[in-house]
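Computed from a predicted structure; not experimentally measured. Counting begins at 1 with the first residue of the sequence.
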Amino acid sequence: MPQTPARTRNRPRAAGIILACAATLALSALASPVANAAPPEGGALQTSSGISALAGQAEQTLVVPVTAGLEPTRIKGSIMVTGTPESAGKPEGTVRATVNGRVVLETTAAAIIPLDAAVSSADVTIADSASQQLTVGLQFVPATPTMCVVSNATATLNNVVVDFSGTAKAPTTVGEFFPASVPAVVLPVPAAPSADVSAAIMTASAAMSHRYPAAAVSVVPDAELEARAATLPVGSRILSVIADQGETGTRLATAAGLPQLILSGHDEQLRTAARALASDKTALAVTSSVSGLTSALPASPGLTQSLKDLGSTTLKLSGYGTPESYVGVTQSQFGGPVSSVKVQLKGTHTAVPDNAQAQLSVFWNDYLLSSKNLDGGDTFTVDADVPAGQLQAKNGLRIRLAALPAGGDCTGPAGVMPMEVTLDTAGSTLTAVRGGSTKAGFARFPQSFGQSVPVAFGDDNTQANTVNAATLVASLQRDSASLLDPRVVGLDTLAGSSDSGLVVGATAEAANKLSAPLRLAEFRTISPDDVEYGVGDSAPFGVLEAFEQGGRDLLLLGAWAPENDMAAASTLQASLASHVGGVEGGWASLSRNLLVTQPSGAPVLLESNALVPQKAVTDDYRPYAWWIGGAVLVLALAFAVRTLLMRRRAKEARAYVDAEEKVSEPDSTGTPEPGHGN
């Protein structure tokens, strides 16, 4: 039976972060006491991800973390079967669900299949010394497999919930605070954070999003911590950053009934300590407090990446029909924006039987790059160039084997002497060229940052700005292969540099200074009917803008409200940051260059050319208009002078010709001119 590898999104990790303290980690001699609080009891964990299995595909798995001290009792979810109808208007086959290899559900395919099965501690596996997990599997076995036909029907398991009993074990060391996976992390922001604390919180949000890509990372004002913690699943973590003029340190505590890690310090050392939390080397911290934590920024990815670098350690296509494999490729995996990519695939294949056919095709975002017959020898090389017009922030490299048995007879059972193709994932490479391939807008993020993310605050609301900036950084990090390095800079510094950056809490002055496409003032759409969105002349709005300015790309978050209603403006900005942080598909799902919201209604994506030009925008071009007008006037004067001179010259020429003709004519008495008679 043809096996199609899973189409899962690869999240390549950085090569590793070098942790350095005085030696490796300088552990404090005295452990700080951990605040006593009752750990959470029982409860349920709902995962934010799901799994899909194509008909005939090998079992696909989902890992659910299990907090130490808790015992799973039931697993629940919903399985949806979709795809090409095969019989009686629906796909036919068997859907099978397993937990740690044990079958908990096996039933005939149906449109919707409920999953509700008992589990126990016997189903839990130990991931490492600090982590336990349930491995949930899903498989869709088609009813009538043949040698060549693979159904594109799919079974998808969503809304997975695991019920627990018992009492969660609180971590006793800094290393235990960071298990292999956690369901959620919340970062509280103090009332008036200093610039170094703001930078460290943003760095910590990037570190947690990088380390736990499946976790829900949220940033909240300090006063809202209790309310947010009450909604978090068992096993969640709280990470706090506070200012301290002493040595940088971390210590365990408990807040709102959840384990808390407090990171303290000042200046640049505080930010580098927050960056170190992205590394799994924190397992070296075997006490409840650590001092001198620090980390160097990982090297930026190069322009040449192998399939192994991109997360595909093995890649094999087997069977007749059209088995295929998918590799996710983002521009950020090349360390920044790229203008083109050259693909070179190498591998081996089984001998093609006489009268059989085998062909290997390579697609990029469903665009056919290359196709070749597999014949003669047992090795192959495919070279193909990806046109710039086919490059997106997120891309998919799809490799398909199309094979027919001898004589094209597909009636035999699946798996009889199948064709097989194995790619050399270390030797197969993608080589990119640095440059731009997408028009200005959200499609250029996060790759336009590379690793460095300078962040400027437009107003003095440092708590709200830090919350919003850290929320946006966390969402950007989820789509970035590299660990992002946010830092706080002044608005004038960012405006005068050539670096791409982020502006949060932007004022009208900031939007004007950076020549943002939508200024923070009243505006109207050109055709509300066309864009299905209308804005009144005095309606408050919040906006996230993505635009090019001075050869670099900027993100700007701001709001406008009549009569300088700062509370309304702050609320609108927070809603936009939260929306982007939770949107399905991440930044790749955003299009155009404006995301606009009002006090009521969902945010709407707009293109800046759908807006009536604002006065601030037209004012930007007024000096150019004067120069253009002056140039036109000068040209007009020059043309007029030239015309007058040409007319004068023509008049003089005519007078000269007339004089010549008059001299050559005989006088009126008939007397010949001298020299013309006797």
Between [X] and [Y] (side chain of the first, backbone of the second, donor and acceptor by atom type, cut-off under 3.5 Å), is there such a pair?
X	Y	result
D196	D267	yes
E59	Q139	no
R211	L277	yes
E71	S120	no
Q451	P298	yes
R102	D123	no
T173	V286	no
R74	V119	no
R228	P221	no
S332	A481	yes

Nearest-0.5 Å distance that lies between atom [atom1] in [X] and atom [atom2] in [Y]:
X	Y	atom1	atom2	answer
T203	I201	OG1	CD1	10.0 Å
S480	Q333	OG	CD	9.5 Å
I75	D116	CD1	CG	10.0 Å
L134	T98	CG	OG1	11.0 Å
L423	S428	CG	OG	5.0 Å
S194	L270	OG	CG	8.0 Å

Write down the atom of [X], the atom of [Y], and the distance for their closest heavy-atom approach.
X	Y	answer
A426	S306	O-CB, 3.5 Å
V217	S205	CG1-O, 4.2 Å
L595	H579	CD2-CD2, 3.8 Å
L430	L310	CD2-CD1, 4.1 Å
S448	D553	CB-OD2, 3.6 Å
A456	L494	CB-CD2, 4.0 Å

- [ ] Would you sort out whether Q477 and L483 count as a side chain to side chain contact (heavy atoms under 4.5 Å, CB included), showing the intermediate values?
- [x] CA-CA 7 Å; Q477 181 64 71; L483 178 62; 3.7 Å; yes
Residue pair [X] / [Y], side-chain heavy-atom distance below 4.5 Å:
X	Y	result
S288	R251	no
L476	L555	yes
T272	R275	yes
D485	R271	yes
F177	T282	no
T294	Q269	no
V488	M202	yes
D479	T330	no

TODO: Starting from the C-alpha separation in whole Å, work towards a yes-or-no answer on side chain to side chain contact (heavy atoms under 4.5 Å, CB included) for V189 and V220.
DONE: CA-CA 6 Å; V189 178; V220 299; over 6 Å; no
Open item on the list: Run S570 and N461 through side chain to side chain contact (heavy atoms under 4.5 Å, CB included) and show every step you take.
Closed with: CA-CA 9 Å; S570 180; N461 193 349; 3.9 Å; yes
Task: Within 6.0 angstrom of E226 CD, more than 12 heavy atoms from elsewhere - done: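 Not more than 12 within 6.0 Å, no.
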TODO: Please name the residue in the list L472, V580, N465, T471 that meets the side-chain contact (heavy atoms from CB on, under 4.5 Å) test with L557.
DONE: L472
Task: Verdict with supporting geometry, S181 and Q133, side-chain hydrogen bond (donor to acceptor under 3.5 Å, both in side chains) - done: CA-CA 9 Å; S181 59; Q133 62 189 34; 5.5 Å; no
TODO: Classify the ring geometry between Y212 and F178 as parallel (under 30°), tilted (30 to 60°) or perpendicular (over 60°).
DONE: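 Y212 and F178: parallel rings.
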Open item on the list: Check this for me, if you would: do R552 and D499 make a salt bridge, where the nitrogen-to-carboxylate-oxygen distance has to be below 4.0 angstrom?
Closed with: no
TODO: Show your working on side chain to side chain contact (heavy atoms under 4.5 Å, CB included) between N395 and V341 and close with a plain yes or no.
DONE: CA-CA 11 Å; N395 306 275; V341 174; over 6 Å; no
